[in-house]
Amino acid sequence: MPMTLSKTQLFAKVIVDAPLPELDYRIPDDMLVAVGDRVLVPLGVRKVPGIVVEIVRESELDPKRIKKIAFLLTDTPPLPQEWLEFTRFAAQYYKREWGEAAVQVLPPFFRKKPGVRYAQSLAKIRELKKKDGKAQAQPMLNEEQETAVEAIMAARGFERFVLHGVTGSGKTEVYLNAMQKVLDEDDEAQVLLMVPEINLTPQLEARVRERFDRYTIVTMNSDLTQTERARSWLAVHEGRARVLVGTRMAVFASFRKLALIIVDEEHDASYKAGDGLRYSARDLAIKRAHMNSIACVLGSATPSLETWAMVRDERARLLSLKHRAVQGASLPKVEIVDTRNRKFHIFSGDVRLAIEDTLQKGRQVLVFINRRGYAPTINCTACGWVSRCLHCSGFTVYHKRDRALVCHHCGTRYPIVQRCPSCGNPEIEPIGSGTERIEEAIANEWPEARVLRIDRDSVKAKGEADKAFALIHRQEADIIVGTQMIAKGHDFQHVGLVVVLNADAQLASSDIRAEERLFAVMMQVAGRAGRAGGNGRVMIQSRFPEHPIFDALLRQDYEAFGDRLLQERRESFSPPFVYQALLRAEARTLDKALHFLQRALDSSQEIETETVRLYDPVPMALMRLMDAERAQLLVEADSRAELQRFLNMWKGKIVAEAGVEWSIEVDPQEL
Ligand code: ADP
Ligand code: ZN
Ligand code: ZN
């Protein structure tokens, strides 16, 4: 082979899933490559998947060293320019390399080297079985809903809408109507409907399918198999699917003609990725709508403060639904049960009476407690020893049914101890309550009632959760005990009473977002009562009945609550009025992690900035996780642009240290 290059020699710039910039590769003469094509390229000793982002005539690399593209993954259209630009933005914003955002979000099927049966499997993946929706009547929109749909349809170009409606006010109906209009108006238009991780209930999916009988609808979430995910992805990529209903990963789908984005329950924490790129799918959805000049609808009964601030400074238009949509259904009556100075085990006398009354009327009771397991820890009555994880800095949770102490941070299971490992005392007590203990107490007190527990231990697989919810819908359970899992989305028809236990734990939290989250979950769980009419009742047990959060909750007045919190945040210079990022470090010892952060802090001195503030490195709240010691450094700025500018400069100055893993998180939700 002659080493001289022919005149027509072309090179491709390729991104790969690694912390590396775009890499140059030679395009073999017989290979027809386009921008957006997926390829396999040699990297070190391996061949890795990549995406061609540019084709150029010249490369600055030594022609002898430049390698050839090994394989072109054909038979699907290239990734469109819009998708490339969007993933590049996401990478830049979250301070990663482009390939780390783009290649990583492709379904595994489209990252692999095709096997011998590739054509067959691709053909199979192209096959979409049409699932039929079931005979449900479409309600006539009420005036508020009508106004909301009209406003969304009147949007020309990019516009943000916040659809704020109390639980059961018919937000989903608004989404469905707006979607319908967008799809009917343009034969190629596609809609993205985003839902929280836990919320893709069969009920919602069925409702969407039934409504859009004429169109192909696909879903994307972490429960899908690789084949299912590839099938959904390709159908959207090729424009065959008109509607994508999906969790946070869906924001990275490749569309032919994206025309509307809806983010349901936009405040939900599952829109934020916990590792890797650590993106906010809600924020990216807004950005993507902007890039496509289309409308973005953020729906919630309890918008995030970031979103509420957008409403208040008129960056987003507020669409309100103030009443429950079903005839005769009103909002449930909320009562705060003062538990100061009262002696009882789990339920107060009033709550007990209310439970009995509800059961007698043949209606269901939901008991909400945001803690799974039997008890948060066990403790020695003599010396005060408590059970802890050997690998993390947290307690281990007592799971009575599984006869284990389980670390909820790393998953390690320990046998139950018969005697205190510290002093030998045989009397060891569970402290506090979780779902299992509440379930046990209810079974003892109301032995004739059918009790159903729903949490991540009782329903591990998605199918099991669906079955459990079906039991509730069929009224085959009388009292349901559960975590967040029962709070969200479900349109229960027969729940008459909701009891909230242990709200106080969150009120005592030091996290600035704790109150916002507690309000959201209480509104949501309260919203499960009385949905089909016949009055709903909500009882919240608390030792702080005078806390202002309850005042807004009693009146179900989110606006007052949101405005008060915004005022507090403004006065305390907190988000959304400041913009934050974290530099995190993990090492074998805390000293090492802190040392790394201190050096990074020192290196920031060289950067000129007026409004960026850096704080001292500190251990993280959960200091040790899986034997790694963790510390962090908080960066704050008065504007997003300032923060981004600073991080771009700082990133290049941070010097890696052996044995320290570090990452930057932009817009952290937990400090
Ligand atoms: P949200 O999403 O706000 O919780 P949904 O859209 O699920 O509310 O609506 C709650 C209930 O009200 C559903 O059973 C739905 O079918 C019903 N509903 C919605 N809009 C109307 C309407 N205009 N007339 C009658 N019922 C309605
Ligand atoms: Zn002891
Ligand atoms: Zn652990």
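Whatever order the structure lists them in is the order used to number ligands and atoms, beginning at 1. Quick caveat: nothing in here was measured; it's all calculated off a predicted structure. Quick note: numbers below take in every heavy atom, side chains included, and nothing from hydrogens, waters or symmetry partners.
Counting the atoms of ligand 1 from 1 in the order shown, those under 4.0 Å from a heavy atom of Asn142 are 23 (N). Atoms of ligand 1 lying under 4.0 Å from any heavy atom of Glu173, numbered from 1 in the order shown and given with element: 6 (O), 19 (C), 20 (N). For ligand 1, the atoms lying closer than 4.0 Å to a non-hydrogen atom of Arg531 are 4 (O). Atom numbering of ligand 1 starts at 1 in the shown order; those under 4.0 Å from a heavy atom of Leu141 are 23 (N). If you number the atoms of ligand 1 from 1 as listed, the ones under 4.0 Å from a heavy atom of Pro139 come out as 21 (C), 22 (C), 24 (N), 25 (C), 26 (N), 27 (C).
Across Glu306, Glu665, Glu197, a single residue satisfies salt bridge (charged side-chain N to carboxylate O under 4.0 Å, His left out) together with Lys272, and that is Glu665. Among Ile369, Ile336, Val525, the single residue meeting the side-chain contact (heavy atoms from CB on, under 4.5 Å) criterion with Val500 is Val525. With Thr307 as the partner, the side-chain hydrogen bond (donor to acceptor under 3.5 Å, both in side chains) test is satisfied by one option alone out of Glu266, Arg160, His164: Glu266.
Geometry about the Zn ion (ligand 3) gives an angle of 110° between SG of Cys410 and SG of Cys407, rounded in steps of 10 degrees. Taking the Zn ion (ligand 2) as the apex, the angle formed with SG of Cys420 and SG of Cys380 is 110°, to the nearest 10 degrees.
The main-chain N or O of Arg401 is found under 3.5 Å from a side-chain atom of Glu436 such that the two form a donor-acceptor pair.
When the heavy atoms of Gly170, Gly527, Ala325 are ranked by distance to atom 21 (C) of ligand 1, first place goes to Ala325.
Only side-chain heavy atoms of Arg207 come within less than 4.0 Å of ligand 1; its backbone N, CA, C and O stay farther off.
Not one N, O or S atom of His408 sits under 2.8 Å from the Zn ion (ligand 3).
Of the protein's non-hydrogen atoms, Gly168 N, 3.0 Å is the one closest to atom 4 (O) of ligand 1. Of the protein's heavy atoms, Met140 O, 2.6 Å lies nearest to atom 23 (N) of ligand 1. The protein atom (non-hydrogen) at minimum distance from atom 17 (C) of ligand 1 is Val326 CG2, 3.7 Å. For atom 20 (N) of ligand 1, the nearest protein heavy atom (residue, atom name, distance) is Gln145 NE2, 3.0 Å. Among all non-hydrogen protein atoms, the one lying nearest atom 3 (O) of ligand 1 is Lys171 N, 2.9 Å. Remark: minimum distance from atom 14 (O) of ligand 1 to any protein heavy atom is reached at Asp491 OD2, 3.0 Å.
By the 4.0 Å N-to-carboxylate-O rule, Lys171 lies too far from Asp264 to be salt-bridged with it. A salt bridge links Arg207 and Glu173; the closest N-O separation between the charged side-chain nitrogens and carboxylate oxygens is under 4.0 Å.
Geometrically, ligand 1 and Thr172 share a nitrogen or oxygen pair separated by less than 3.5 Å.
Counted by atom type alone, Thr435 and Asp455 present one or more donor-acceptor pairs between their side chains at under 3.5 Å. Arg372 and Ser458 share no side-chain donor-acceptor pair at under 3.5 Å.
Of all heavy-atom pairs spanning Asn535 and Ser330, the tightest one is OD1-OG, 4.1 Å. Between Arg248 and Ala281, the shortest heavy-atom distance links the atoms CB-CB, 3.5 Å. Heavy atoms only, all atoms of each residue included: Cys380 and Asn425 are closest at SG-ND2, 3.3 Å.
Residue contacts with ligand 1: Ser169 is included, with a non-hydrogen atom under 4.0 Å away.
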